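Here the structure is laid out as structure tokens; the discussion comes afterwards.
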Amino acid sequence: MRALVTALYITGALLSVLGFYRPRVLKWAMVCTSAGLFWQSAYLVQVARSTGQIPVTTLGSWGSVFVWVIVVLALTALWVSQGRYRAMAGFLLPIGATFWLVDLSMASTGHRLHLSGWLPLHIGLATLAVVGLLLSAVMGLMYTEKERELRQKSVEVFYYRLPALQEMDRWSARFAAFGLGFWLLALLAGHLAETTVARPPFSPVVQVWSLFTAAMYVLYFALRVLRGWRGRPAAVMVMVLFLLVLMNLLALTLS
Amino acid sequence: MKRQVVGISHVATPLALREQASFSPGQIDDAYRALIAGGVAIDMVILSTCNRTELYVSGAWTLADILTFWENWTGIERGLISDGLYWYQDDEAVRHLFRVAAGLDSMIVGEPEILGQVKGAYQRAQQAEVAGSLHRMFQMALKVGKRARTETLVAQNAVSMGHVVVELAQRVFGALRGRRALVVGAGAMAELVSRHFRASGVEDLVIVNRTHAHGQALAARVGASAPLWSDLRSEMARADIVAVATKSADLVINEMLAKRAFHDDANRIRFLFDLSVPRNIAPAVAHVGRQTFVYDVDDVQAVVAKNQAERMREADAVGHIIEEELKVFKESMGATHVGAVIRSLQERAEAVRRAELTRMMAKLHHLSDEDRALIDQATRLMVNKILNDPVASLRRWAGAGDQHSLATALELFDLEREAEKPTLRNAQSLNSPS
């Protein structure tokens with residue numbers, strides 16, 4: 001089943017990129033990705049039934065749920081969004097497919113958590129936070145691509161397919177605010193989970209890195225508000241900051 | 001009854017000849033009135049724009065008849081336009097109209113005006129009651145035009161300098177409502193760009209010109225404010241979009257001026273358009289501030305060319321729509337015709353049966369009413385059974401669009417295709433201005 005999902009997600013991702021050049025193929029990207037989502041949902045239900053728990057107890061299984069959320073967001077952009085926000089799927093689906101491939105390779109890594117107390121809430125909040133910060137980074141990536149075309153005065157696909165620069169800049173900041181808010185709540189819930197269970201689920205490295213990541217996002221907003229950071233510097237910064245989030249996940253894997 | 005179109009367009013006929021061959025609205029109305037008064041069994045729609053003059057005709061007229069009509073009403077000699085003249089019949093005529101309505105045959109592919117012009121031409125003919133059997137063809141053409149513009153990107157992306165300036169600004173800022181635009185200059189290009197900014201929702205528009213009176217005059221025309229030339233730096237500092245279109249031989253915005261103007265907010269996104277030749281904005285201004293874009297005339301022209309290429313790429317998709325709708329048109333016309341043909345065939349058979357039955361019953365007056373009813377029923381069943389196979393074949397041919405077999409059947413049974421008959425009028429042909 002996972003091989004089928006892989007094939008469908010990769011095909012959907014390739015078609016979504018091709019959609020920048022031929023928008024009509026986006027409907028086939030939707031079809032492939034929807035089919036992949038269906039089979040991945042079936043896979044997640046199967047895992048949940050066999051383990052008797054929501055499949056977020058290892059980093060590998062959480063990764064699978066995270067990919068599921070990314071794919072749902074990409075399909076929502078394709079189905080619901082009119083015009084230029086559809087192009088977001090051309091970034092989200094390849095990222096989702098990449099996460100899926102990485103997730104397949106680490107499905108068995110990481111220790112298994114016991115879901116109790118504050119831990120399920122922490123995982124839920126952290127998932128929302130990572131999704132928000134990912135969307136912020138994707139908006140930043142879209143911004144830099146379109147800005148590059150405009151600066152080089154060589155308008156190509158991104159000029160035609162992506163939203164206006166300032167709209168992407170605004171949405172990037174909004175998603176970052178959304179993500180940071182949930183990140184801070186997740187930190188709080190994580191702290192409570194640490195204090196209420198006998199065996200702490202997170203290593204000190206993860207905790208310190210999480211706080212550092214949050215501090216960096218606070219710095220990003222401080223620069224936006226106090227120094228007027230907009231556009232390219234802000235877009236590059238949210239992309240770099242998302243690497244900190246990924247490092248956080250890596251630290252979880254190693255812990 | 002064949003449909004045909006005869007015309008000339010910008011593709012192969014120069015403007016001077018297009019002018020001579022065009023119909024004024026008054027001429028079109030007069031020509032339609034003459035058709036009505038003359039009782040000519042012809043349906044016609046005349047489409048006459050600055051880029052084309054076309055006569056869509058349904059009826060028995062030949063090419064020579066149509067050209068004579070055209071010559072008589074416009075005075076153009078057919079020899080003058082013969083090089084660029086085109087003549088399409090039946091499916092090709094319908095396909096041509098669909099292409100015209102979709103904007104594929106326009107000078108600027110996908111331009112929106114032609115759809116309104118096709119609609120106007122059709123409505124004018126309809127009001128004059130000369131559109132007749134061309135009704136369905138034009139209705140479908142309007143549908144094709146709408147589909148082409150809503151389902152494809154053929155009408156997207158600006159293809160004129162003024163529009164592209166606004167489009168570029170929109171690609172950076174999104175909606176321009178609430179943005180501040182500064183236009184430097186008061187000439188024709190400055191006015192054009194100002195009007196485009198206004199039309200795209202810019203509420204805060206400022207005109208700055210060396211000769212203040214000219215700036216004020218333009219500002220009054222486009223609804224803008226017109227500060228003094230000495231305020232240029234402060235106005236630049238406040239503006240999101242700056243368009244410079246002057247005839248100055250020197251730089252109007254140099255690096256120093258830009259640095260002083262943008263110093264307070266180096267991170268702000270600004271778009272500067274230099275629409276002057278020679279250039280009025282120093283290229284180095286693009287490096288003042290982190291988010292400053294400077295586009296000169298060549299850069300804007302490059303975007304125009306790119307947008308035109310994008311539209312051309314969409315022409316394939318529009319072509320698919322045209323073929324789809326052409327198929328629907330042929331099927332619907334086939335269904336309409338075959339209904340009339342079948343009715344005609346059945347009426348003819350029924351008339352023969354009744355005539356023979358009446359003649360026979362006159363000789364068989366000893367039969368009872370029951371026997372007469374039985375014979376009547378038997379002959380009716382006999383006729384129906386004989387006609388059953390031909391009717392089924394006619395329906396099948398119509399469904400498959402097999403016009404040749406349908407035509408053979410019409411010939412075989414000597415039937416008239418009621419649905420294709422042009423509007424019948426009372427008097428004889430009148431093929432000249434009244």
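Numbered from 1 within each chain, the chains take letters A, B, ... in sequence-line order. If you're wondering where the values come from, they're calculated on a predicted model, not measured in any experiment. Because only heavy atoms are used, hydrogens play no part in the values below, and waters and symmetry mates are left out as well, while side chains stay in.
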Subject >> Side chain to side chain, B:Gln291 and A:Arg232, heavy atoms closer than 4.5 Å >> reply: yes
**OP:** Under the side chain to side chain contact (heavy atoms under 4.5 Å, CB included) rule, what do B:Ile269 and A:Asp169 come out as? Steps first, then yes or no, please.
**Re:** CA-CA 11 Å; B:Ile269 299 179; A:Asp169 181 64; 5.8 Å; no
**OP:** Examine whether an atom of A:Arg227 lies under 4.5 Å from a heavy atom of chain B, and if so say whether it belongs to the side chain, the backbone or both; otherwise answer neither.
**Re:** backbone
Subject >> B:Lys306 side-chain N/O to A:Ser154 backbone N/O, donor-acceptor pair under 3.5 Å >> reply: no
**OP:** Determine the minimum heavy-atom distance between A:Arg151 and B:Ala286, stating which atoms define it.
**Re:** NH1-O, 4.3 Å
Subject >> Rounded distance (nearest 0.5 Å) linking atom CG of A:Leu150 with atom CZ of B:Phe271 >> reply: 5.5 Å
**OP:** Specify which of B:Glu310, B:Gln156, B:Arg313, B:Gln170 makes the most heavy-atom pairs with chain A at under 4.5 Å.
**Re:** B:Glu310
Subject >> Side chain, backbone, both or neither of B:Leu168 within contact of chain A (heavy atoms, under 4.5 Å) >> reply: both
Original post:
Where does A:Arg224 contact chain B at under 4.5 Å (heavy atoms): side chain, backbone, both or neither?
Top reply: neither
Original post:
Is any side-chain heavy atom of A:Glu147 closer than 4.5 Å to a side-chain heavy atom of B:Phe293?
Top reply: yes
**OP:** Apply the test side chain to side chain contact (heavy atoms under 4.5 Å, CB included) to residues A:Tyr160 and B:Leu153: give CA-CA distance (whole Å), side-chain angles for both, the deciding distance (0.1 Å), then the verdict.
**Re:** CA-CA 10 Å; A:Tyr160 292 107; B:Leu153 302 175; over 6 Å; no
Original post:
Any chance CZ of B:Arg279 has more than 12 other-residue heavy atoms, nucleotides or ligands included, within less than 6.0 Å?
Top reply: no
Subject >> Side chain / backbone / both / neither for B:Asp265 at chain A, heavy atoms under 4.5 Å >> reply: neither
Subject >> Any donor-acceptor N or O pair under 3.5 Å, side chains A:Tyr159, B:Glu167 >> reply: yes
Original post:
Counting only heavy atoms not in B:Met107, do more than 12 sit closer than 6.0 Å to its CE atom?
Top reply: yes
Original post:
Just checking, any donor-acceptor pair under 3.5 angstrom between side chains of A:Gln166 and B:Arg171?
Top reply: no
Original post:
Is there a donor-acceptor pair under 3.5 Å between the side chain of B:Asn267 and the backbone N or O of A:Gly231?
Top reply: no
**OP:** Specify the closest pair of heavy atoms between A:Ala164 and B:Gly174, including all atoms of both residues, with the distance to one decimal.
**Re:** CB-N, 3.1 Å
Original post:
Highest number of heavy-atom pairs under 4.5 Å with chain B: which of A:Arg230, A:Lys153, A:Arg22, A:Lys146?
Top reply: A:Lys153
Subject >> More than 12 heavy atoms from other groups under 6.0 Å of CH2 on A:Trp229 >> reply: yes
Original post:
With only heavy atoms counted, which part of A:Tyr143 is less than 4.5 Å from chain B, the side chain, the backbone, both or neither?
Top reply: side chain
